[in-house]
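FYI, side chains are in, hydrogens and waters are out, and symmetry mates aren't considered; it's all heavy atoms of this structure. None of the values given here were measured: they were computed from a predicted structure.
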Amino acid sequence: EFDVVEVLANLDREIGQQNQFGSVSLQYFLNGSPLDWQSTCTFTGEQIKIRSMLSNLLINALESSPPEGLVTVRVDQISEGLRIDIHNKGEIPEEIRDRFFEPYVSSGKKYGTGLGTHSAWLIARAHGGEIRFSSTGEEGTHVTVFLPYIQDGK
């Protein structure tokens with residue numbers, strides 16, 4: 001068991017210290033309200049893996065966001081588990097959409113290997129969850145992760 005808010009707070013600090021995303025802002029929400037870092041959101045799972053998944057998805061969103069853009073992270077505790085939506089105004093190129101979660105698929109990144117989204121997909125699946133995306137020029141990109149609560153030791 002671990003606190004998802006604590007994981008996000010640590011990632012936010014680390015990303016802020018990197019200074020490579022300069023003009024892009026991050027906003028966090030928990031259950032529809034702006035995140036208060038004193039809040040808690042308990043989840044049972046592999047904390048290190050969930051942290052890695054969130055880090056990969058956040059960095060992808062920041063790298064894909066237009067300058068002066070905004071990346072939002074919405075965590076919602078629903079009856080079946082956690083839903084995490086990461087949004088930016090960048091658009092996933094049409095030519096890679098059908099392979100977005102495959103290894104070594106990347107587009108337009110200076111240092112990208114194409115393993116971040118694949119790794120995130122594997123981690124979500126290993127937790128019994130799923131990860132999806134939607135991407136349009138008007139809306140930008142939403143990457144949504146669903147992680148179910150563990151019940152009855154399963």
**Q.** side chain to side chain contact (heavy atoms under 4.5 Å, CB included) between His127 and Glu46, intermediate numbers included
**A.** CA-CA 8 Å; His127 282 81; Glu46 293 288 330; 3.6 Å; yes
Q: Test side-chain hydrogen bond (donor to acceptor under 3.5 Å, both in side chains) on Asp3 and Thr40 and set out the steps.
A: CA-CA 6 Å; Asp3 183 8; Thr40 59; 5.3 Å; no
Q) Between Glu14 and Arg51, does a salt bridge (Lys or Arg N to Asp or Glu O under 4.0 Å) hold up when you go through it step by step? A) CA-CA 12 Å; Glu14 288 174 25; Arg51 182 193 185 292; 2.5 Å; yes
(Q) Please determine whether side chain to side chain contact (heavy atoms under 4.5 Å, CB included) holds for the pair Leu82 and Val4, giving the CA-CA distance in whole Å, both sets of side-chain angles, and the decisive distance to 0.1 Å. (A) CA-CA 10 Å; Leu82 286 183; Val4 176; 3.8 Å; yes
Q: Applying side chain to side chain contact (heavy atoms under 4.5 Å, CB included), run through Thr44 and Tyr149 and close with a yes or a no.
A: CA-CA 7 Å; Thr44 301; Tyr149 292 127; over 6 Å; no
Q | Worked check of side chain to side chain contact (heavy atoms under 4.5 Å, CB included) between Cys41 and Val75 | A | CA-CA 9 Å; Cys41 176; Val75 178; 4.2 Å; yes
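Annotation: the span from Thr141 atom OG1 to Leu57 atom CG amounts to 12.0 Å, rounded to 0.5 Å. In this structure, Leu26 CG and Ser65 OG are separated by 9.0 Å, a value rounded to the nearest 0.5 Å. Taking CE of Met53 as the start and CD1 of Ile131 as the end, the distance is 6.5 Å to the nearest 0.5 Å. To the nearest 0.5 Å, the span separating CG on Leu54 from NZ on Lys49 amounts to 13.5 Å. How far CG of Asn60 is from CD1 of Ile86: 9.0 Å, rounded to the nearest 0.5 Å. A distance of 10.0 Å separates CD1 in Ile78 from CG in Leu147, rounded to the nearest 0.5 Å.
Nearest approach of Asn31 to Asp76, heavy atoms of both residues: CA-OD1, 3.3 Å. Shown here for Ser135 and Gly90, the closest heavy-atom pair between the two residues is OG-O, 4.3 Å. Across Gly140 and His87, no two heavy atoms sit closer than the pair CA-NE2, 4.3 Å. What you find for Val145 and Ala124 is that their closest heavy atoms are CG1-CB, 4.3 Å.
Geometrically, Arg74 engages Phe29 in a cation-pi contact, judged by NZ or CZ lying under 6.0 Å from the ring centre and within 45° of the ring axis.
Between the side chains of Ser64 and Asn88, no donor N or O sits under 3.5 Å from an acceptor N or O.
The distance between the ring centers of Tyr28 and Trp37 falls below 6.0 angstrom.
No side-chain heavy atom of Val71 sits under 4.5 Å from any side-chain heavy atom of Gln27. Residues Phe146 and Glu80 form a side-chain contact, since some pair of their non-hydrogen atoms from C-beta on lies under 4.5 Å apart. Residues Asn56 and Thr117 fail the side-chain proximity criterion, which asks for heavy atoms closer than 4.5 Å.
Between Glu138 and Lys89 no salt bridge is recorded (no basic side-chain N to carboxylate O distance below 4.0 Å). A salt bridge does not link Arg97 with Glu95: every distance from a Lys NZ or Arg NE/NH1/NH2 to an Asp or Glu carboxylate oxygen is 4.0 Å or more.
Both Ile96 and Trp121 are part of a single hydrophobic cluster, where members link through side-chain heavy atoms under 4.5 Å apart. No chain of hydrophobic side-chain contacts below 4.5 Å, direct or via other Ile, Leu, Val, Met, Phe, Trp or Tyr residues, connects Leu70 to Leu8.
Listed for the Ser119 side chain is no donor-acceptor partner under 3.5 Å among the backbone atoms of Gly116.
Ring geometry for Phe43 versus Phe2: interplanar angle over 60°, hence perpendicular rather than tilted (30 to 60°).
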